[in-house]
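Structure first, then comments.
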Amino acid sequence: MHINTTPTTQNEAWGFWGTMGGHACVAWPIAMTKIADVTGEPLESVRAFLDSKQGRHFADTVQDGMASHLTMDAAVAQAIAKWMDWKIGRITSRETGIPRGWPYLTGFVIQAQIIEDAQTA
């Protein structure tokens, strides 16, 4: 369980947090723990993903679920299912270096951590 160890956003203006607006405080811990559980990646990597441009797009998918009157838990779960179902194609693989055929969510969570590590090295 990831309670009390959940990293906070480092990007309140953009990314997942900024896109979720007034729902961010509720959505953040749900997304953090569910994404970590599904991808098997550490919370710091999930935080890097949610703070990234792709995190903004993930928030858009969560908001689509909310617009369909899903609860926050259900909207996040539905977004995760979509992002795990979508696979990295040839062009995205060439542009990002993420292996072709990987689930979007796993690939972009790992990529976000790699980018963050490179920026702090």
Side-chain angles (χ1 to χ4, degrees):
M1 215 160 161
H2 306 290
I3 295 175
N4 297 330
T5 59
T6 304
T8 58
T9 184
Q10 295 177 8
N11 186 6
E12 288 186 8
W14 302 100
F16 182 84
W17 188 276
T19 302
M20 292 304 295
H23 299 286
C25 290
V26 173
W28 182 266
I30 295 169
M32 287 287 293
T33 56
K34 287 182 182 283
I35 292 170
D37 288 346
V38 166
T39 64
E41 294 301 313
L43 288 170
E44 274 302 322
S45 297
V46 176
R47 193 236 6 106
F49 163 73
L50 290 176
D51 280 348
S52 73
K53 175 182 171 185
Q54 292 300 327
R56 179 178 62 81
H57 296 306
F58 183 79
D60 290 339
T61 310
V62 172
Q63 288 184 332
D64 289 345
M66 292 171 56
S68 297
H69 308 291
L70 295 177
T71 65
M72 185 62 72
D73 279 322
V76 170
Q78 182 181 62
I80 288 171
K82 285 182 180 182
W83 278 62
M84 290 301 286
D85 191 45
W86 294 336
K87 303 301 181 208
I88 299 294
R90 180 180 53 84
I91 294 170
T92 302
S93 178
R94 184 174 47 220
E95 291 172 349
T96 64
I98 301 169
R100 187 174 179 180
W102 275 26
Y104 258 58
L105 189 57
T106 303
F108 284 114
V109 167
I110 292 170
Q111 182 199 41
Q113 186 63 60
I114 291 168
I115 289 169
E116 187 169 273
D117 288 348
Q119 291 172 344
T120 59

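No hydrogens, no waters, no symmetry mates; every other heavy atom, side chains included, goes into these values.
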(request) Please name the residue in the list Thr61, Thr33, Val62 that meets the side chain to side chain contact (heavy atoms under 4.5 Å, CB included) test with Val76. (result) Val62
(request) Flag yes if Phe49 and Ile115 sit in one hydrophobic cluster, no otherwise; membership is Ile, Leu, Val, Met, Phe, Trp, Tyr, and two members link when side-chain heavy atoms are under 4.5 Å apart. (result) no
(message) To the closest 0.5 Å, what do you measure between CD (Gln78) and OG1 (Thr71)?
(response) 10.0 Å
(request) Quick one: sort the Phe58 and Phe16 rings into parallel, tilted or perpendicular, breaks at 30° and 60°. (result) tilted
(message) Taking the side chain as everything from C-beta on, heavy atoms only, tell me whether Gln63 gets closer than 4.5 Å to Asp60.
(response) yes
(request) Any chance you could measure Tyr104, atom OH, to Thr96, atom OG1, to the nearest 0.5 Å? (result) 8.5 Å
(message) Would you say that His57 contacts Thr19 through its side chain, given a criterion of any heavy-atom pair below 4.5 Å between the two side chains?
(response) no
(request) Please report the shortest heavy-atom distance between Thr6 and Leu43, naming the atom on each side. (result) CA-CD1, 4.2 Å
(message) For a 4.5 angstrom cut-off between non-hydrogen side-chain atoms, does Ile35 reach Leu105?
(response) yes
(request) Grab the two heavy atoms, one from Pro103 and one from Met84, that are nearest each other, plus how far apart they are. (result) CB-O, 3.4 Å
(message) Could you check whether atom NE2 of His23 has more than 12 heavy atoms from other residues, nucleotides or ligands sitting under 6.0 Å from it?
(response) no
(message) I'd like to know if the side chain of Ser93 reaches the main chain of Arg90, judged simply by a donor and an acceptor atom lying under 3.5 Å from each other, with no hydrogens or angles considered.
(response) no
(request) Would you check if Trp102 and Gln111 make a side-chain contact, meaning some heavy-atom pair closer than 4.5 Å? (result) no
(message) Please report the interatomic distance CD(Gln119) to CG(Asp117), rounded to the nearest 0.5 Å.
(response) 9.5 Å
(message) Any non-hydrogen side-chain atom of Asp73 less than 4.5 Å from a side-chain atom of Lys34?
(response) yes
(request) Answer yes or no: are there more than 12 heavy-atom neighbours, outside Lys53 itself, under 6.0 Å from its atom NZ? (result) no
(message) Which heavy atom of Glu12 sits nearest to which heavy atom of Trp17, and what is that distance?
(response) O-CD1, 3.3 Å
(request) Please report the closest heavy-atom contact between Pro29 and Val26, naming both atoms and the distance. (result) CD-O, 3.5 Å
(request) Keeping the roles fixed (side chain from Ser68, backbone from Leu70), state whether a donor-acceptor pair exists under 3.5 Å. (result) no
(message) Counting the benzene-type ring for Trp, do Phe108 and Trp86 have ring centres under 6.0 Å apart?
(response) no
(request) Mind checking the CD-CD spacing from Glu116 to Gln10? Nearest 0.5 Å is all I need. (result) 6.0 Å
(message) Restricting to non-hydrogen atoms, name the atom on Trp28 and the atom on Arg47 that form the minimum distance, rounded to 0.1 Å.
(response) CZ2-CG, 3.6 Å
(request) Flag yes if Ile110 and Ile98 sit in one hydrophobic cluster, no otherwise; membership is Ile, Leu, Val, Met, Phe, Trp, Tyr, and two members link when side-chain heavy atoms are under 4.5 Å apart. (result) yes
(request) Group every Ile, Leu, Val, Met, Phe, Trp and Tyr by side-chain heavy-atom contacts under 4.5 Å, then state whether Trp14 and Leu50 land in the same group. (result) no
(message) Looking at every non-hydrogen atom in both residues, tell me the closest pair between Lys87 and Gly101 and how far apart they are.
(response) CD-O, 3.4 Å
